[in-house]
Amino acid sequence: MKISSAEFVMSNSDVAKCPKDKLPEYAFIGRSNVGKSSLINMLTSRKSLAKTSGRPGKTQLINHFIINKNWFLVDLPGYGYARVSKSAKKVFQKFITAYFAKRTQLVAAFVLVDCRHEPQKIDLEFMQWLGENQIPFSIVFTKADKLSKNKLPAHIEAYTNTMLEYWEEMPNYFITSSSSGLGKEEVLNYINDINNQLKTS
Ligand code: GTP
Ligand code: MG
C-alpha cells in the first residue's frame with residue numbers, strides 16, 4: 001500500500017473527544033520504549049510524525065494520525081513505565097483501557113514487544129485482556145536489528161511457546177525493525193487487506 005498522506009489530527013486523554021469520523025483505526029500499544037512511535041514513523045516513511053525518544057514515557061496521550069485521508073493510526077502511551085508517578089500511571093491505564101473498551105472504530109490493535117526480551121507478564125496480561133474483550137490484535141516484534149539473524153528465530157520460537165500456554169494458537173505476528181524498515185510491507189498489507197474487506201462488507 002502506498003502512503004500518499006499522513007497527518008497528525010489530535011492528541012487527548014479522553015476517548016470521548018477522539019475524532020468522530022467513522023474511519024477504521026489501528027492502535028499501537030506496548031511497554032514504554034518498545035518502539036510504538038518509531039514504528040508509526042517507519043510505516044508512514046515520515047521521520048518525525050510521531051514523537052520518539054530514547055527515554056521511556058515520551059508518548060503520554062492518545063494521538064490520532066490520518067493516513068491517505070481514510071484511516072487512522074493511533075499512537076498510545078506505553079504501559080508499565082515505572083518512573084511515571086503512581087497517580088499518573090493510573091490515569092494512563094484508565095484512559096488506555098477506556099480507549100480499547102469504548103472506541104468502536106478500532107479495527108485491530110498491534111501489541112509491540114521487544115524481540116530481545118523474554119515474554120513479560122504485563123504484555124501477556126494485556127493480550128489476555130484484549131482477548132477477553134474480543135479486540136483483535138497482532139503481535140509486533142520490534143527492534144529486530146538488535147538481534148543477530150541466528151538468534152531471532154529462537155527468540156520468536158520461545159515467545160510462541162509461552163503464548164501457547166495461554167492461547168490455542170499463536171496470534172498473527174510481525175517481525176519489524178524501524179531502523180531497517182523490516183516488516184513494513186507486511187504490516188501495511190495486513191492493514192490494507194482489512195480496509196478492503198471493510199469497504200466491501
Ligand atoms: P513511549 O512513547 O515512551 O511509550 O515509547 P515508544 O514505544 O513510542 O518508543 P519510541 O518509538 O519512542 O522508541 C524508543 C527508543 O527505541 C528510541 O530511542 C528509538 O530510536 C528506539 N527504537 C525504536 N524502534 C527501534 C528499532 O526498530 N531498532 C532500534 N535499533 N531502535 C529502535
Ligand atoms: Mg511513543
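Hydrogens, waters and symmetry mates play no part in the numbers below; they use all other heavy atoms, side chains included. As the structure lists them, so they are numbered: ligands from 1, and atoms in each ligand from 1.
- With a heavy-atom cut-off of 4.0 Å, Ser53 touches ligand 1 through its backbone alone.
- Between Tyr26 and Phe110, the two ring planes are tilted [angle within 30° to 60°].
- No N or O atom of Leu39 sits closer than 3.5 Å to an N or O atom of ligand 1.
- With a 4.0 Å cut-off on non-hydrogen atoms, Pro56 touches ligand 1 through its backbone and not its side chain.
- At least one N or O atom of Thr59 sits closer than 3.5 Å to an N or O atom of ligand 1.
- Considering only non-hydrogen atoms, atom 29 (C) of ligand 1 lies nearest to Ser179 out of Ser37, Ser38, Ser179.
- At a cut-off of 2.8 Å, Ser53 does not coordinate the Mg ion (ligand 2) through any N, O or S atom.
- At the shortest separation from atom 18 (O) of ligand 1 among protein heavy atoms lies Gly54 CA, 3.3 Å.
- Contacts between Asp145 and ligand 1 below 4.0 angstrom, taking non-hydrogen atoms only, involve the side chain exclusively.
- Between the choices Cys115, Ala144, Gly57, the shortest heavy-atom distance to atom 3 (O) of ligand 1 belongs to Gly57.
- Ligand 1 has no nitrogen or oxygen under 3.5 angstrom from a nitrogen or oxygen of Thr176.
- Checked against the 6.0 Å centroid criterion, the rings of Tyr173 and Tyr159 do not qualify as a close aromatic pair.
- Here Ser37 meets the criterion, with an N, O or S atom under 2.8 Å of the Mg ion (ligand 2).
- Using a non-hydrogen distance threshold of 4.0 Å, Thr142 does not register as a contact of ligand 1.
- With a 4.0 Å heavy-atom cut-off, ligand 1 is reached by the side chain of Lys146 but not by its N, CA, C or O.
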